[in-house]
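Numbers restart at 1 for each chain; the letters A, B, ... are given by sequence-line order, proteins then strands.
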Amino acid sequence: MIDPRLLRDDFESVATALARRGYDRDDLVALAELDDRRRNLVAEVDQARAAQRSASKAIGQAAPDERQAMIDAASALKTRVGDLEVQLAEVEREHAARFAPVPNLPHPEAPDGVEGDGIVLRTFGERPAFDFEVRDHVELLESADALDLARAAKVSGARFAYLKGEGALLEFALVRYAIDVAMRHGHVPVIPPVLVREEAMYGTGFLPTDEQQIFMTRDDDFYLVGTSEVPLAALHMDELLDEEQLPIRYVGYSPCFRREAGTHGKDTRGILRVHQFEKVEMFSFVHPDLADAEHERILSIEEEIFTGLGVHAQVVDIPVGDLGASAARKFDIEAWLPGQDAYREVTSCSNTTDYQARRLKARIRQREGDNLLVHTLNGTALAVQRAIIALVETHQRADGSVVVPVALQSYLGREVLFAR
RNA sequence: GGAGGCUUCGCCUAGUCUGGUCUAUGGCGCGGGAUUGCUAAUCCCGUUGGGUCUUUCAGGCCCUCGAGGGUUCAAAUCCCUCAGCCUCCGCCA
């Protein structure tokens with residue numbers, strides 16, 4: 001959620017910033033008016049309640065024979081408070097519903113544009129060259145019996161997979177490798193809940209805007225998380241953090257569930273886009289002044305992890321038109337996938353400034369000055385399925401075996417995968 | 001799944017049976033100050049969080065006793081729903 005007070009105090013800068021994301025100025029005018037209406041009504045209700053309270057209080061000290069008249073008078077005041085409260089509740093409801101979908105203010109340095117207009121900041125790793133016909137991850141993994149898509153389709157449907165044998169071992173190795181790198185940089189490992197309540201989904205900004213992407217349970221009011229960003233962010237929901245505790249850094253490992261609504265026919269082959277995947281995710285709570293630096297820091301850890309996997313990739317500064325609701329700025333790493341002859345997103349790292357914190361009510365108690373909202377940042381350490389694709393396609397050999405990068409060898413216990 | 005107990009302003013705690021003097025008690029911790037002097041002690045003051053208004057170095061008012069509803073002129077206190085914690089039974093990895 002954006003700050004209603006900022007909208008009131010500096011309407012122009014909010015309107016200008018959100019215009020970059022294509023947000024309609026007239027909608028903001030309406031929101032500002034709604035906010036005024038709410039504040040006026042709050043003042044009125046408070047006043048009415050003060051009158052009623054003092055009337056009621058006097059009754060307690062009054063002589064018995066005076067009481068009935070006073071009670072009658074207080075009853076009238078009560079009716080007025082009740083009427084105003086009903087009006088206020090209606091306005092509050094509208095206020096919450098109308099402010100919630102407003103996206104975060106973009107970072108001044110985030111580039112303009114829409115999907116596809118991202119700016120490539122740099123590339124790293126060597127782009128692989130092959131003197132044989134390249135296989136894609138499906139061919140490589142299936143022929144080694146490390147992946148079973150057909151039976152997953154039977155059991156669960158399209159966009160599901162079994163990882164088996166060395167495929168399953170590869171997941172454990174990659175996960176532990178990524179967690180170790182993140183831990184070396186001060187992130188505390190966490191296995192979070194993946195079924196969460198509505199507050200957590202709302203607080204992280206996935207509701208209401210991404211509702212169509214989220215799985216939900218039928219008989220219990222749980223949502224399945226699409227990323228452990230949700231339970232990691234919500235970890236400090238409703239908390240007042242001491243300044244000295246910051247920064248707080250986590251690295252979570254969890255399955256992720258996405259409905260992939262609206263992606264029919266897109267990336268249907270293999271495990272690039274599936275309904276259930278596993279991901280190692282970094283998450284930081286920091287003082288606002290340090291958010292930009294933390295964003296760079298998380299990005300550099302992501303680069304370290306993928307550099308260790310010997311993968312060629314590019315770092316992209318995502319344009320404002322392609323940001324999720326909660327992000328002010330986002331960097332993606334796109335790895336080169338030889339099987340597709342293209343760069344594809346393997347990590348994503350967002351600075352959500354105070355947007356999630358305002359909704360989650362996660363604040364900082366400062367030694368001096370007022371409490372303030374903490375800033376939150378998240379970034380993919382390693383998305384297992386996509387990392388597997390990049391890894392096996394990059395390091396494949398003519399016979400279908402795959403050379404294991406040195407950084408991963410000790411985790412996997414072997415130097416070559418899929419050897420015959 | 002069943003039975004019972006519990007949740008109070010950082011932490012601990014009084015208050016709930018019997019509604020009004022609760023503007024929530026006391027201790028610890030923390031912040032500020034005073035006094036005496038010797039590895040400290042004593043005393044005083046302050047210390048939940050949020051909203052809103054004003055003539056904004058400040059003050060007023062409202063909300064906040066796990067959350068939400070209800071009863072009442074009046075709710076920490078009575079009633080209902082929900083959540084969490086604890087104990088026991090059942091089940092289970």
Side-chain angles (χ1 to χ4, degrees), chain A residues 1-10 31-100 191-203 207 216-217 219-223 230-231 234-246 248 254-255 285 354 356-374:
Chain A
M1 189 164 84
I2 62 163
D3 187 358
R5 200 168 298 177
L6 184 64
L7 187 66
R8 184 195 320 164
D9 294 343
D10 193 357
L31 284 180
E33 284 168 5
L34 182 60
D35 191 47
D36 276 345
R37 196 136 53 88
R38 187 189 79 89
R39 285 183 298 117
N40 288 335
L41 207 46
V42 164
E44 220 175 323
V45 172
D46 282 359
Q47 223 169 0
R49 226 169 351 216
Q52 195 224 350
R53 268 174 53 108
S54 65
S56 168
K57 200 165 221 173
I59 295 171
Q61 282 133 16
D65 61 326
E66 295 173 333
R67 285 199 175 193
Q68 194 49 54
M70 294 173 79
I71 287 172
D72 293 344
S75 293
L77 291 170
K78 178 195 168 139
T79 307
R80 172 166 166 73
V81 170
D83 290 348
L84 286 168
E85 278 177 339
V86 169
Q87 287 179 47
L88 180 60
E90 177 53 38
V91 170
E92 296 271 22
R93 204 167 20 248
E94 193 182 345
H95 192 270
R98 297 277 299 278
F99 270 82
I191 309 291
V194 294
L195 293 175
V196 300
R197 297 215 185 113
E198 184 180 4
E199 296 96 283
M201 278 294 176
Y202 170 84
L207 285 177
M216 193 183 170
T217 61
D219 293 332
D220 305 278
D221 290 330
F222 286 123
Y223 293 89
V230 172
L235 192 53
H236 293 294
M237 176 162 64
D238 290 323
E239 288 187 26
L240 193 46
L241 303 163
D242 282 324
E243 203 171 12
E244 293 76 21
Q245 290 176 258
L246 300 175
I248 297 173
S254 80
F285 296 84
D354 62 8
Q356 292 179 331
R358 183 170 295 107
R359 296 161 77 110
L360 289 164
K361 300 184 183 67
R363 291 162 300 146
I364 307 173
R365 188 198 305 279
Q366 298 198 107
R367 291 198 73 81
E368 313 251 320
D370 292 338
N371 296 332
L372 53 95
L373 292 165
V374 71

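Side chain of A:Arg359 to main chain of A:Tyr202: a donor-acceptor pair is present (N/O by atom type, distance under 3.5 Å, no hydrogens or angles). Formation of a donor-acceptor pair under 3.5 Å by the A:Gln245 side chain with backbone atoms of A:Asp242 is found in this model. Between the A:Thr217 side chain and the A:Phe222 main chain, a donor and an acceptor come within less than 3.5 Å of each other.
Under the 3.5 Å distance criterion, with hydrogens and angles disregarded, no donor-acceptor pair is assigned to the side chains of A:Asn40 and A:Glu44.
A 4.5 Å side-chain heavy-atom check between A:Lys78 and A:Ser56 finds every atom pair outside the cut-off.
Residue-level contact check: A:Asp242 touches neither bases nor backbone, having no heavy atom under 4.0 Å from any strand. When heavy atoms are screened at a 4.0 angstrom cut-off, A:Leu77 is found touching no nucleic acid atom at all. Using a 4.0 Å heavy-atom distance criterion, A:Arg358 is classed as making no nucleic acid contact.
Side-chain nitrogen and oxygen atoms of A:Arg365 include at least one within less than 4.0 Å of the OP1 or OP2 phosphate oxygen of B:G49. Under 4.0 angstrom from either OP1 or OP2 of B:U54 there lies no side-chain N or O belonging to A:Arg39.
The two atoms that bring A:Leu77 and A:Ala55 nearest to each other are CD1-CB, 3.7 Å, heavy atoms only. The shortest non-hydrogen separation linking A:Gln52 to A:Ala74 is CG-O, 4.2 Å.
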Exercise for the section: Could you walk me through whether A:Asp35 and A:His95 pass side-chain contact (heavy atoms from CB on, under 4.5 Å), step by step? Expected result: CA-CA 7 Å; A:Asp35 191 47; A:His95 192 270; 3.0 Å; yes
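Contacts with RNA chain B (heavy atom under 4.0 Å) in residues 81-100 of chain A: none are found.
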Exercise for the section: List the protein contact pattern of nucleotides 69-84 of chain B with one symbol per nucleotide (5' to 3'): B for base contact, S for sugar-phosphate-only contact, - for none; contact means a heavy-atom distance under 4.0 Å. Expected result: ---BBS--------SS
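Nearer the 5' end of RNA chain B, as judged by each residue's closest nucleotide, is the contact made by A:Ala58, out of A:Asn371 and A:Ala58.
Shown here, B:U18 forms no base pair; nothing in the strands shown gives a Watson-Crick or G-U wobble contact with both key distances under 3.5 Å.
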Pairs under 3.5 Å (N/O, protein and nucleotides 60-62 of chain B):
| from | atom 1 | to | atom 2 | distance (Å) |
| --- | --- | --- | --- | --- |
| B:C62 | OP1 | A:Arg53 | NE | 3.4 |
| B:C62 | O3' | A:Arg49 | NE | 3.4 |
| B:C62 | O2' | A:Asp46 | OD1 | 2.8 |
| B:C62 | O2' | A:Arg49 | NE | 3.3 |
| B:C62 | O2' | A:Arg49 | NH2 | 3.1 |

